[in-house]
Amino acid sequence: MTDHTRLAEQLRQLDGKGYKAYKSIRDEYYFPQFTLKIDRVQGDPFAKPSQCRVLIPQQIAGFPPESYANRSREVGLRDFLTRQFHQLTQQRQRRSGTGNSGLIAIAQPGPEILERTTAFISDEQVELRFWIGLPAQGRRIDGWQAADLLCEQIPELVEGMLYPQLPTQNLQHYIDTHEDADWLRQQLSTQKLVAFVADGAILPRRSGIDTCPLESATPFQSPASLRVEFSCPHHGLMTGMGIPKGITLIVGGGYHGKSTLLKALELGIYNHIPGDGREYVVTHADAVKIRAEEGRPVTGLDLSPFINHLPHQQTTTQFYTTNASGSTSQAANIIEALELEAQVLLIDEDTTATNLMIRDRRMQSLIAKDQEPITPLIDQIRPLYEDHGVSSILVMGGSGDYFEVADTVIALSSYRPENVTEQALAIAVEYPSDRICEAAQPIGTRQFRRLQLKPSSLEWKGRPAKVKVHELREIILGREAIDLSQVEQLVESGQLRGIAAAILYLHQSPPTDLNFATAIQAILSQLSTEGLSTLSSFPEGDFVAFRRFELAAALNRWRDLSLED
Ligand code: ADP
Ligand code: MG
């Protein structure tokens, strides 16, 4: 290990040399308060910045062990440290230079609190992973600026990350909020709930592209008959609306806040930062958003509970397509969620295929069942709950046929929820829909697909395929793009990076049991014990935690996926 004074000297000696000469600084350096590791050096001033880590021993960092004493606090603290570091980097002045010269950046988090490979904490040390843009003037090394960046500015940033320097009250509040939300999610089942929306929560966002809370929003207020109470470990007594297990409809006129409530429930699988408005909106961790997704591929799935007797005797017990229709894609999304043991399905009429949702009495009379391959969800939704315990929450402003199968009906009126279950059930009796139940095939949750990752699509000339991620839209694996733009519970591009790494990992170290669901469960349980870092031998700084459903979603949308029975 080299001393930091030697590093400064070395950098000044590189001044004026060609940029490639920077390669010689990939090493570990000893500073009085920390160790700096330069893990990857960029090839030119415009390339992806160089990656470094700082490791601060706990004797210097000074974090009290209670602040990371359990998994929940540890994740919260690591997320907080990431944001703190991000904020410090935003406050600094960057000198001029070519390309990314002088940059210091950490992967930027959104409003969800998540496990990230940006920051780590243990009894021994605090570790931060970030990027620096090694300074250049044109294609020549600016050695003086580099010495200042690495040997003056980084130590200054590190100083700001020591426990005594942090805003400890904010930190405590942050960790407490996160721990309370985790606690609430765990408590849901004790009250037979699948979701909880606290009174006072702010659900709408500023705009479709801005995740900040809408300032002028009407705060959430629970209807008395659905009100539940929790006594949280930190926040104390909290009231709000509990959504019970079973089948729940969210109804109401257009523009009265139905989709906004469902969106908050979709993202209630994650915890949110203080000030977000959704800190205490929590949904069952295994809730999955279902939608129609025309054009996606489907690989070897048993769709027969929803689709049968296709024209030309096409089989649907092992269904393949490279271009699914609206109804087929939505059926595939349901079957795939069940394969991974989803416990709650979340559906918004705005993004469904109508023919998969309903077939009313008049249509049943006109088009006989043997001429209609589709069994609508309305006929499978109760067996799904009664036989498999899978609840559903549906936004349904347009069809009252669902009243008959609902356990709870919530009406939104000017963003205020009301419990209208009794009225809806009375209406169902007064105006019977006269539908004939069409479920011929019982719905199961097991699929017998076996995962086989073809090396040809994951390797290129004997080396692992190159991975790229385009925001939340897609993962590029080698030459194949995986379109994830309709997978709505992904919130950060770091999750896509983690998922891509998990696919490569599955290929390199295949699990012993190759059943599709079992293989995915196995890798997720490994990640929960060993952490996200296991996914790569390189100390990646931009992986963000994801669920088994989203990993499966990526594999299921991968056109190179091969499976055997
Ligand atoms: P729906 O699905 O019932 O048609 P949306 O959920 O799309 O309605 O909401 C319609 C509009 O109302 C959106 O612009 C949304 O941001 C806004 N909105 C939703 N909830 C609230 C609220 N609690 N306070 C203020 N505005 C809201
Ligand atoms: Mg809507």
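Remember, it's 1-based here, ligands and their atoms both numbered in the order they're listed.
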Shortest protein contact, [atom] (heavy atom only):
| atom | result |
| --- | --- |
| atom 7 (O) of ligand 1 | S259 CB, 4.0 Å |
| atom 23 (N) of ligand 1 | T218 O, 3.0 Å |
| atom 16 (O) of ligand 1 | P204 CB, 3.7 Å |
| atom 8 (O) of ligand 1 | G257 N, 3.2 Å |

Distance-only side-chain donor-acceptor flag, [X] / [Y], under 3.5 Å:
| X | Y | value |
| --- | --- | --- |
| N556 | R296 | no |
| D401 | S399 | no |
| H178 | N271 | yes |
| Q364 | D434 | no |

Under 4.0 Å to a heavy atom of [X] - the qualifying atoms of ligand 1, by number:
| X | answer |
| --- | --- |
| G254 | 4 (O) |
| L214 | 25 (C), 26 (N) |
| A217 | 24 (N), 25 (C) |
| G253 | 3 (O) |

F130 and F85 aromatic ring geometry - parallel, tilted or perpendicular at 30°/60° bounds: tilted
Nearest to the Mg ion (ligand 2), which N, O or S atom of D350 do we find? OD2
Judged by atom type as modelled, is there a donor-acceptor pair below 3.5 Å linking the side chain of R278 to the main-chain atoms of G268? no
Test your reading of the model: is there a side-chain donor-acceptor pair from H388 to the backbone of L338, 3.5 Å cut-off? no
Working note: D483 + S485, criterion side chain to side chain donor-acceptor pair (under 3.5 Å); need CA distance, chi angles, decisive distance, verdict. CA-CA 6 Å; D483 181 357; S485 57; 2.7 Å; yes
Which of these, Y415, F220, Y255, has its nearest heavy atom closest to atom 14 (O) of ligand 1? Y255
Restricting to heavy atoms, the pick from L261, T260, D348 nearest atom 5 (P) of ligand 1 would be T260
Hey, is the Mg ion (ligand 2) within less than 2.8 Å of some N/O/S atom on S259? yes
Any nitrogen or oxygen of S216, main chain or side chain, under 3.5 Å from a nitrogen or oxygen of ligand 1? no
For Q486 and R557, what are the C-alpha separation, side-chain angles and deciding distance, and is it a side chain to side chain donor-acceptor pair (under 3.5 Å)? CA-CA 10 Å; Q486 316 283 298; R557 283 159 186 75; over 6 Å; no
